[in-house]
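Keep in mind it's a predicted model, so treat the numbers as computed, not measured.
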Amino acid sequence: MSPRRDRVAAATAALLLLTAGCAPSRSGSLGPAPTVASAATTGVASTGPATTAPPAESTPPTATGPGSAPPRAGPSPTARPATLTLQLWYVRDGRLAPTRRTRPTTPATSRLALAELAAGPTRTEADAGLVTLLPDGAQVSRIAAGTATVRLPDAPDPATARLREAQVVYTLTQFVTVLRVDFGTAAPAGRAEYADLLPPVVIADPVIGARVSSPITVSGSADVFEATVNVRLLDAAGRPLATGFTTATCGTGCRGAYRLTLSYFSAREQPGTVEAYEVSAADGSRTKLVAVPVTVAATR
C-alpha cells in the first residue's frame with residue numbers, strides 16, 4: 001500500500017471511532033410514539049377550556065330488551081308531608097260553602113274527608129251559618145276509573161238528599177283520582193250536575209275563621225253581571241279597611257274564577273269580615289253578597 005493510501009485509511013478509521021463513541025445505542029424496541037403530557041403531570045396550566053370526562057354511572061343499568069320500559073327521569077322520592085289540607089264543602093242558607101281542615105297525613109284521604117264532613121263545622125263556622133247534612137258512617141267503598149262509589153242513608157226529603165250528595169261530590173272531586181261519584185241511585189255525577197247549588201259568589205280563600213294579614217288575597221268563583229266581582233275588607237265596626245274589584249274568567253250566565261289582592265292598614269288585631277258581591281246595575285246596591293268572618297292582623 002502507498003504512503004498516501006495509508007494516511008487516508010488511518011484518517012477514516014479515526015473518524016469512525018469518534019462517531020461510534022457519540023451515537024446512542026440503537027438496540028431493542030423503540031416503543032410507542034410519545035404523547036403530549038397533561039397539565040397535571042407537567043405542572044403547566046391549560047390555557048383552553050377545561051374538559052372533563054363524564055362520571056361513571058352509579059346506578060345499575062336498566063333492561064332495554066323487547067317489552068321493557070325505557071328509563072324514566074324524575075325527582076327522587078321524598079318523605080310524605082306530616083299533614084294534609086282538605087277542602088270541605090258544607091251548607092249555608094241552602095247552598096254549598098267551602099272551608100278547610102289540616103289533618104295528619106293518611107293514605108285514606110277520601111275516608112278522612114267524609115269523616116270530617118260528617119263531623120260538622122267548628123264553633124266559628126257554625127256561628128257563621130255552616131251546617132252539614134252528611135250523616136255518620138258514609139264511606140267510599142271503591143275508587144276505579146275516576147269514579148268513587150259511596151252509599152248514603154236515605155234522606156228525609158229530595159232537597160236534603162241532593163245537598164248531601166253535592167257535599168260529597170264537591171269534597172271528593174278535589175282529589176285527582178276522583179272525577180265523579182256513584183251513589184247507586186243514578187248515573188255517576190260530577191260537579192257540573194250540582195253547580196246550581198253554589199251561591200252566585202263563592203269565597204274559597206280566606207275561609208271562615210282564618211287570620212289574614214296585609215296584603216290579603218281573596219279568591220273563589222262567581223256568576224255575576226259582566227263578570228265583575230267587588231270585594232271589601234271590613235273592620236270590627238263594619239268600616240271598610242280596603243275595597244276593590246276584579247273580573248272573573250266568566251260571568252253573566254256562566255261561572256268563572258276570580259282572584260284579587262288588597263292592602264290595608266289596621267293599628268291593632270281585630271275581628272273583621274271579607275265580603276264579595278255584585279253591584280246592582282239598577283241602583284248600585286250590593287247584591288249576591290257573601291261574607292266570611294276573619295281575624296284581621298295588625299299592620300306594621
Side-chain angles (χ1 to χ4, degrees), residues 78-143 146 148-153 155 160 162-181 183 190-191 194-195 197-199 201-213 216-221 257-259 269 271-276 290-297:
T78 57
R80 179 178 302 204
T83 61
L84 60 89
T85 299
L86 301 169
Q87 185 180 63
L88 305 177
W89 288 83
Y90 288 118
V91 175
R92 180 164 64 169
D93 298 328
R95 299 293 184 95
L96 295 171
T99 189
R100 288 194 297 270
R101 295 284 185 275
T102 298
R103 295 291 183 261
T105 299
T106 173
T109 53
S110 297
R111 180 177 300 177
L112 174 63
L114 292 188
E116 291 292 336
L117 272 185
T122 64
R123 174 61 63 86
T124 301
E125 293 166 345
D127 290 344
L130 265 61
V131 299
T132 186
L133 303 180
L134 190 70
D136 290 330
Q139 290 189 2
V140 178
S141 60
R142 68 191 298 263
I143 298 176
T149 301
V150 178
R151 294 293 179 263
L152 299 177
T160 299
R162 193 159 182 267
L163 270 170
R164 180 186 292 178
E165 291 174 359
Q167 281 188 258
V168 173
V169 168
Y170 269 78
T171 297
L172 291 187
T173 53
Q174 71 184 290
F175 306 121
V176 295
T177 55
V178 181
L179 301 176
R180 64 196 73 84
V181 179
F183 295 103
R191 289 192 175 192
Y194 299 92
L197 294 178
L198 292 171
V201 180
V202 173
I203 296 178
D205 194 44
V207 295
I208 293 172
R211 183 179 184 274
V212 302
S213 58
I216 174 178
T217 297
V218 182
S219 63
S221 66
Y258 71 87
R259 184 182 183 89
E269 183 164 305
T273 306
V274 175
E275 292 184 343
V290 60
V292 171
V294 296
T295 297
V296 177

Checklist line | R111 CZ: over 12 foreign heavy atoms closer than 6.0 Å | finding: no
Check: When rounded to the nearest 0.5 angstrom, what distance separates OG1 in T109 from CD in Q174?
Finding: 8.0 Å
Notebook entry, point to check: Between R164 and P153, is there a donor-acceptor pair closer than 3.5 Å when you use the side chain of the first and the backbone of the second?
Noted result: yes
Check: Does P206 reach the side chain of V218, with side-chain heavy atoms less than 4.5 Å apart?
Finding: yes
Notebook entry, point to check: Can you find a heavy atom in the side chain of L152 that is under 4.5 Å from one in the side chain of L134?
Noted result: yes
Next item on the list: Could you pull out the closest heavy-atom pair between I143 and S110, with the gap in Å?
Entry: CD1-OG, 3.6 Å
Margin query: Does any part of the side chain of V91, heavy atoms only, come nearer than 4.5 Å to the side chain of Q167, both counted from C-beta?
Written below: yes
Check: With a 4.5 Å heavy-atom cut-off, do T173 and R180 have their side chains touching?
Finding: no
Item checked: V292: which of I208, T99, V212 passes side chain to side chain contact (heavy atoms under 4.5 Å, CB included) -> I208
Margin query: Apply side-chain contact (heavy atoms from CB on, under 4.5 Å) to residues L197 and Y170 and explain how you reach the verdict.
Written below: CA-CA 11 Å; L197 294 178; Y170 269 78; over 6 Å; no
Next item on the list: Please examine the side chains of R191 and V169, heavy atoms only from C-beta on, and report whether any two atoms are closer than 4.5 Å.
Entry: yes
Next item on the list: Please tell me if the side chains of L112 and R101 come closer than 4.5 Å, counting only heavy atoms from C-beta onward.
Entry: no
Next item on the list: May I ask you to test the L86-F175 pair for a side-chain heavy-atom distance under 4.5 Å?
Entry: yes
Check: Which one of L172, L130, T171 satisfies the side chain to side chain contact (heavy atoms under 4.5 Å, CB included) criterion with W89?
Finding: T171
Check: Looking at G209 and T124, what are the two nearest heavy atoms and their distance?
Finding: CA-CG2, 4.0 Å
Notebook entry, point to check: If you round to the nearest 0.5 Å, how far is OG1 of T217 from CZ of R259?
Noted result: 5.0 Å
Check: What is the minimum heavy-atom distance between G272 and V296, and which atoms define it?
Finding: CA-CG2, 3.7 Å
Note to self: Set out, in order, the CA-CA distance, both residues' side-chain angles and the distance that settles side-chain contact (heavy atoms from CB on, under 4.5 Å) for V290 and V202, then state yes or no.
What the structure shows: CA-CA 7 Å; V290 60; V202 173; over 6 Å; no
Next item on the list: May I ask you to decide if P81's main-chain N or O and T105's side chain share a donor-acceptor pair within less than 3.5 Å?
Entry: yes
Checklist line | Closest non-hydrogen atom pair between P98 and A204, with its separation | finding: CG-CA, 4.0 Å
Checklist line | Flag, side chain of T273 to backbone of A291, donor-acceptor distance under 3.5 Å | finding: no
Notebook entry, point to check: Distance from T122 atom OG1 to D127 atom CG, nearest 0.5 Å?
Noted result: 8.0 Å
Margin query: Which heavy atom of P199 sits nearest to which heavy atom of R95, and what is that distance?
Written below: CA-NH1, 3.5 Å
Margin query: Are the side chains of Y90 and L117 in contact, using a 4.5 Å heavy-atom criterion?
Written below: yes
Item checked: Shortest non-hydrogen separation from Y258 to I203 and the atoms involved -> OH-CG1, 3.5 Å
Check: Any donor and acceptor pair, going by atom type alone, linking the side chain of T102 with main-chain N or O of T85 inside 3.5 Å?
Finding: no
